[in-house]
Amino acid sequence: MYAVVTCRAAVPEDVEALYQLIAGYAERGIMLPRSREALHRQLEHFVVAEIDGELVGCGSLCKLGEELVEIRSLGISEGHKGQGIGSKLVDTLIEHAAKRKLRKVMALTYEVSFFKKNGFEVVETSIFPEKVWADCRHCPKQDRCDEIAVLKVLDI
Ligand SMILES: CC(C)(COP(=O)(O)OP(=O)(O)OC[C@H]1O[C@@H](n2cnc3c(N)ncnc32)[C@H](O)[C@@H]1OP(=O)(O)O)[C@@H](O)C(=O)NCCC(=O)NCCS
């Protein structure tokens, strides 16, 4: 029986745990790093998952165009993967996107099977003209990006 997981909007008290979770993945080249300052600035775009007050996952939304939004910084702490928490966070992020009338939810990822299970399809990166790849200039892999683009169009 899994513990009760709560997904909620991030608050300033979450920043340190968010920073540590993202930094762990950034060190392995799976996510872009986020400074504590950037996290404070972007906090309204983050959701977190917690179990008994412990932050065990996070994800954020970044608006890229009129209808297009990207899921970023989606990660579950080691030891809590494979328990449905990532899917719950994706559902929460999708609810937030739908409320904002952002119908096209995309991600750049290595976790294609996970996103497919959550109703996303693989698409060509070239279909995203609105995405200016603004963050890519900070990415060590900008000239050899091997992430896959996935998209879910919401029925709203
Ligand atoms: C990808 C990630 C967010 C998934 O979160 P999770 O909580 O482990 O996933 P869930 O338990 O919700 O999995 C949902 C389903 O996807 C499957 N799944 C999860 N990760 C998978 C993977 N790497 N490959 C294949 N299937 C996967 C699960 O088996 C599950 O299927 P089921 O419903 O049939 O049992 C998590 O593994 C993670 O933090 N990865 C590292 C960071 C990362 O790559 N983030 C994505 C950046 S966009």
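Each ligand, and each atom within it, is numbered from 1 in the order the structure gives. These values consider heavy atoms only, across backbone and side chains, with no hydrogens, waters or symmetry-generated copies.
Pairs passing the ring pair (Phe, Tyr, Trp, His ring centres under 6.0 Å) check and including a residue from residues 92-124, sequence neighbours excluded, read Phe115-Phe120. Evaluation of the salt bridge (charged side-chain N to carboxylate O under 4.0 Å, His left out) test over residues 76-86, restricted to residues two or more places apart or in two chains, returns Arg28-Glu78, Glu78-Lys81.
Using a cut-off of 4.0 Å between Lys/Arg side-chain N and Asp/Glu carboxylate O, Glu16 and Arg36 are scored as salt-bridged.
In this structure Arg8 satisfies the salt bridge (Lys or Arg N to Asp or Glu O under 4.0 Å) test together with Asp14, Glu50, sequence neighbours excluded.
No side-chain donor-acceptor contact under 3.5 Å links Ser77 to the backbone of His80. A distance-only check finds no donor-acceptor pair linking the side chain of Ser73 to the backbone of Gly59 [under 3.5 Å].
Protein residues with any heavy atom under 4.0 Å from ligand 1: Tyr25, Ile30, Leu74, Gly75, Ile76, Lys81, Gly82, Gln83, Gly84, Ile85, Gly86, Ser87, Leu108, Thr109, Glu111, Ser113, Phe114, Phe115, Lys117.
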